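A note on names: the letters A, B, ... follow the listed sequences, proteins ahead of strands, and every chain is numbered from 1. From a predicted model like this one, the values you see are computed outputs, not experimental measurements.
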Protein chains: 2
Amino acid sequence: MTDARAATIEDVARHAGVSRAAVSKVIRNAYGVSPAMRERVTAAIEALDYRPRVAARAMRGSSFTLGIELPHIGNPFFTKIVAGATAALQGTGYQLIIAPADENGDEGIRALGALADRQVDGIIAISPLVSTDWLERLGARMPVVMIGRHDRSEHYDTVTGDDASGTRLAMAHLFELGHRRIAHLTRSEDVTEPGSGTPHAIRLEEYLAAMRAAGLEDEIRVVRTGMTEDAARLDTLALFDDDRPTAIFAGNDELALGALRAVGEAGLTSADVSVVGYDDVDMASHPAISLTTIDQSGVEMGDRAIRLLLERIRDARTEPTHFSVTPVLKPRTSTRAVRAG
Amino acid sequence: MTDARAATIEDVARHAGVSRAAVSKVIRNAYGVSPAMRERVTAAIEALDYRPRVAARAMRGSSFTLGIELPHIGNPFFTKIVAGATAALQGTGYQLIIAPADENGDEGIRALGALADRQVDGIIAISPLVSTDWLERLGARMPVVMIGRHDRSEHYDTVTGDDASGTRLAMAHLFELGHRRIAHLTRSEDVTEPGSGTPHAIRLEEYLAAMRAAGLEDEIRVVRTGMTEDAARLDTLALFDDDRPTAIFAGNDELALGALRAVGEAGLTSADVSVVGYDDVDMASHPAISLTTIDQSGVEMGDRAIRLLLERIRDARTEPTHFSVTPVLKPRTSTRAVRAG
DNA sequence: CACTTGGCGTAGACCGATTTACGTCACAGC
DNA sequence: GCTGTGACGTAAATCGGTCTACGCCAAGTG
C-alpha cells in the first residue's frame, strides 16, 4: 500500500554496491563470484526481500516453468498424473503450471498455445485430439512430452500405457467369467479415429479384435457417449432398454463409474451386468464401488514425463524417447461370472 | 526444425511496412489505427503466424493470465471450483493457470509466490494455511480473491460458503435421526486453529456448539486425521476399535468417503454408523455411495471468484467485497435413523 | 623482467513487447 | 491565408533481467 513496487535487481545491486551483472551471477550460481561478494549480495537480497521477475528472466534465459495441459480436469486419472509430476519436481527449482483445456478439441490447442506464449521451458501434453502435425511443430520449438499417445514422433517424447495388452487383460477376464454379450462404452468418434493412436482408439480396436477372435462378431456392440460420468450414465441407461448386455467394457473409469451408476439406478447389480473400467482411479477401490479395472499407474506416468522433460531441458537430449507402462488387471466385485442359463 | 525462432513484432512490422508501435496498437485494439493499416497488419500477422510473447508484454503491460493456487489437487471439490472458474473465463482473453501446492503449509506460500513471480494479473487463493498478514501484503500488490476464508481483509475479496449454517444443517439432520453419539472427523490442528476462520475451524467450532446446545457435551469426540481419503479411512477404522459412535460428521467429502470406506471394510453399514460429509462432490450422489452431505456449489464459487477478480482488474475496484454461498443439505442413504435400543 | 594465465567484476547490448512524446497531414473555421 | 484540431504514424525510452566482451589485478612462468 505504501511503498508500492517490489525491489528489482537494480535495487539489490545498489544496496550491495555492486553491478547488476554481479547480482545476476549470484542468483544463477554462475561462475566468477568471490565468497565475499556472494555474501554481500545475498544479504542485500535478504534485506530487500528481492524476488526475480520471471517474465524478465524469460526474455533471455529460461522461465523455470513447466506447463502441463489437461483436458477435462474432472477426470481423476489426470490428477494422478499431476500428483506424480509435482512429486518429481520437488527441489528442482522448476514450477509446474497447469493449463486447463476442458471442453472440445480446439481448447487443447488453445491451452497448449497459451503455455507456449508464456515461454514455459517445456510442455507435457495430454490432449489426444491435437494433430500430430501441430504437436510436431511445437516439439521442434520446445521440449514436449506427450502422455498417452502411441504415434512416434521425431520431435517429442511419449509416455504411454500399453493399451492393447491392457484391453486384452480386461477382455480375457470377462471371457473367463463366461461373458459373451459384451458391449464397449467409448467416447465420440473424434477420439477413437482408427489409426489415430489415441488410447480410446486402441482400446476400441482391441475390443473388436478380441470379440472377433472369440468368434463373437455378432455380439459386438459399441456405445458412444460423452466425456463425463453423467453422459455415460445416461447412455448406459438407454442401452439397457433393448436387449441388455451381460457385461460392459468401458473406455475409462470415469465412464465405468457412470455405467455403474446406471446399473444401480436401473435396479440391477453386478450379477446382471458386469462392468470393467480402465485407469484404476482412487474411487475404483472403494468397497461400495469395487470396480474391476486396469491399473496403468498415472502417478508413474506423471513422474516419468517430468524426468523425460528435464532430460531434454538440462541435458539437451534430442533423440525421442518412448516410455511404456505395463498395465495390470485389478479384479474386483463389479465383475461376476455370467448367470447360468 | 528449419527456420527456428518464431516471428516477433519486429518481423510483422517489417512485413507490413509499418512501425512496431503500429502493430502493437492493432493487437491491443488501441486508438489511432486507420482501417487500411489494420488490414495490412492483420494480414501480416496471419501470414507470419505471429503470436505475441506474453513475457515481453508482461514487462510493461499485463500478462492476461490469472493464477489459481490449489492445495491438494486430488480433492474433487477443488476441481469443481476450477470448472466454474474456467467457464467464467470463456471469451475474456484471460488464461487461467493452476499452481498445485500439495503437501504442507509452506507449499501454499511457495505456489502463491511462484504465481506472483510470473506476473499474473490476479490470483485466486484457496490455501487456508497462509497467514492473513502474508495475504494482506500480496493483496496490496495485486488483485487477490481468497476462497473459503472468513477473515475480512482490506486488500482482498473473499468467496465463502456459510460454514456455520452448513454445519448446523448437518448436525440438525443427525439429531433428527436420533443420533447422540456423534463424532467429528477433521483435519490436523493447524487447519482448525480456533479463530483462524478456516472452513475446518468453523465446522469444528459449530460441531462443538451444536453438541453442547443439545446437552451432549459428554458425547463430544473429535478425531484428527490427514488430508487424504486414505488417512481418513485408517483413523476411522481405529475409531471403531473402542466404543463406536453411531454417526460421523466429516469435515469434507473426501474424509467422509474415507470414513465410508472404513465402514464397509469393518463389515458395517449406514445402519450401524451414519456418515455426513461436506461439499457434495460428484461421487457423493453415486447410488453405491449415496453420501449425505452439504452442497456449497463449488462451481458457483469458482465463477464468482473470477468475476470479482476481473472487476478488480478491469474496473480497478479497490473496496473489498465478500460473497457468501448458502449451503444446502443433501440427505442421502449414508445417514439413517439410529437403531432402536 | 616481460608475458601469460586465471579469478573476479563491470559496462552495455539484448530479449520483445508497450507507452510516451512528438511529427505530419488534411480539413474546418474565421 | 492563417491557425487550431483531430486522426494517424513513428522514433525512442522503458520494463527487469541475462549474457557477452572486456578490463584489471595478482600470481606463475620462462
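Contacts classified as side-chain hydrogen bond (donor to acceptor under 3.5 Å, both in side chains) and involving residues 38-50 of chain B (residues at least two apart or in different chains) are given here: B:Asn29-B:Arg38. Pairs engaging residues 11-47 of chain A under the ring pair (Phe, Tyr, Trp, His ring centres under 6.0 Å) rule: none recorded [sequence neighbours left out]. Among pairs with a residue in residues 307-323 of chain A, those fulfilling salt bridge (Lys or Arg N to Asp or Glu O under 4.0 Å) read A:Asp157-A:Arg312, A:Asp157-A:Arg317, A:Asp303-A:Arg307, A:Glu311-A:Arg317, at least two apart in sequence or across chains. For residues 67-78 of chain A, there are no salt bridge (Lys or Arg N to Asp or Glu O under 4.0 Å) pairs, not counting sequence neighbours. The salt bridge (Lys or Arg N to Asp or Glu O under 4.0 Å) analysis of residues 115-130 of chain B, with sequence neighbours excluded, yields the pairs A:Arg51-B:Asp117.
Under the rule for a salt bridge (charged side-chain N to carboxylate O under 4.0 Å, His left out), A:Arg57 has no partner lying at least two apart in sequence or in another chain. A search for ring-ring contact (aromatic ring centres under 6.0 Å, His included) contacts involving B:Tyr94 returns B:Phe64, not counting sequence neighbours. In this view, B:Phe77 satisfies the ring-ring contact (aromatic ring centres under 6.0 Å, His included) rule with no residue, not counting sequence neighbours. With sequence neighbours excluded, the residues forming a salt bridge (charged side-chain N to carboxylate O under 4.0 Å, His left out) with A:Arg20 are A:Glu10, listed by chain and number.
Across the helix from C:dC1-D:dG30 to C:dC30-D:dG1, the helix axis at one end is tilted relative to the axis at the other end by 50° (nearest 10 degrees, each axis from five pairs).
Atoms OH (A:Tyr31) and P (C:dT10) sit 16 Å apart, rounded to a whole Å. In this structure, A:Arg40 atom CZ and C:dT10 atom C1' are separated by 14 Å, rounded to whole Å. In this structure, the CE atom of A:Met37 is 5 Å from the P atom of C:dG9, given to the nearest Å.
Residue contacts for B:Val54: at a heavy-atom cut-off of 4.0 Å it reaches no nucleic acid atom on any strand shown.
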Legend entry - Reading 5' to 3' through nucleotides 16-28 of chain C, protein heavy-atom contacts under 4.0 Å coded B for base, S for sugar-phosphate only, - for none: BBBB---------

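If you take CD1 on A:Ile98 and CG on B:Leu96, they are separated by 10.0 Å, rounding to the nearest 0.5 Å.
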Distances under 3.5 Å between protein N/O atoms and the N/O atoms of nucleotides 23-28 of chain D, please, pair by pair.
none

